[in-house]
Amino acid sequence: MSSTDLTAALNFLTDAGHLLATTAPEISAFLMNQRGNLLFENEVPKTDIQRQHVCSCCGHIMVPGNGSTLKIDHKRSLDKKSRSAKAHKQKRTPCSNPSGPTKVFSCGHCDKFTMINLPAPAPVSRRKIKKEERPAASTQAQILQDTTPLPKGTANANSKKRAKSRKAGLLQALLEQKNASQPSRPGLGLSLTDFMKK
């Protein structure tokens, strides 16, 4: 089969399989299975994207959450005890697990698994911080001389002055508020109510 005929047949089977996926899933699976067989007969390798999209056993289009499931498997086969025992016996290698995590698709139609290995993550690069050199003894003596502690009495005096100024400001504000609430009266400040007997 020529490459143009193969491409046309693959495109037709793919489109037909996807169009019938919801209305007739068995026919869709058959068409996608025929597509897989056609790829195999012409020795065209399947990419990881094609393998995770269609089940290689039955041809069912795998949609995670719609019958099919997706699980990310981190290859952590060693338990903590064996890790700690190995760490004591030998130095740790920077990359103890060369392969990365694995995507595991399970088909909702035939319950077969499709495993796709992902590349290992890049190693974490950490910058080393150089320790600053300690200053010489003569500079330490100069620093101690420059930082003379203040006597305790001056700190207390400053806080007392601040408290007094706050209190005076509060009293002044209360006095102004009281004067503002009383209207100014003409004359001696007496009104008719002052002369009425109770």
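Because the structure is a prediction, the values reported are computed rather than measured.
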Atom CG of L170: over 12 foreign heavy atoms under 6.0 Å: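 For L170, atom CG is crowded (more than 12 foreign heavy atoms under 6.0 Å).
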Is there a continuous path of hydrophobic side-chain contacts, each under 4.5 Å between heavy atoms, that joins L39 to V54?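 No: no chain of side-chain contacts under 4.5 Å links L39 to V54.
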Identify every side-chain donor-acceptor pair in residues 10-30 under 3.5 Å, counting partners at least two apart or on other chains, and give the distances.
residue, atom, partner, partner atom, Å
N11, ND2, T7, O, 3.3
T14, OG1, L10, O, 2.7
T14, OG1, R35, NE, 2.6
H18, ND1, T14, O, 2.8
H18, NE2, H53, NE2, 2.6
S28, OG, G17, O, 2.6

Which pair of non-hydrogen atoms, one from G59 and one from M32, has the smallest distance, and what is that distance?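 Shortest heavy-atom contact: O-CB, 3.0 Å.
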K46 versus S56: any side-chain heavy-atom pair under 4.5 Å?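 Answer yes - side chains close enough.
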Residue pair C57 / C107, side-chain heavy-atom distance below 4.5 Å: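 No - every pair of side-chain heavy atoms lies 4.5 Å or more apart.
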Qualifying residues under side chain to side chain contact (heavy atoms under 4.5 Å, CB included), relative to F105, sequence neighbours excluded: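 By the side chain to side chain contact (heavy atoms under 4.5 Å, CB included) rule, F105 matches Q52, M62, P64, L70, K103, T114, I116.
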Under 3.5 Å, side chain of E176 to main-chain N/O of A173, donor-acceptor pair present?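 No, because the side chain of E176 does not come within donor-acceptor range (under 3.5 Å) of the backbone of A173.
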State the OG1-CD1 distance between T102 and I72, to the nearest 0.5 angstrom.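 Between T102 OG1 and I72 CD1, I get 8.5 Å after rounding to 0.5 Å.
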Distance from S165 atom OG to K167 atom NZ, nearest 0.5 Å?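 Rounded to the nearest 0.5 Å, the OG-NZ separation comes out at 12.0 Å.
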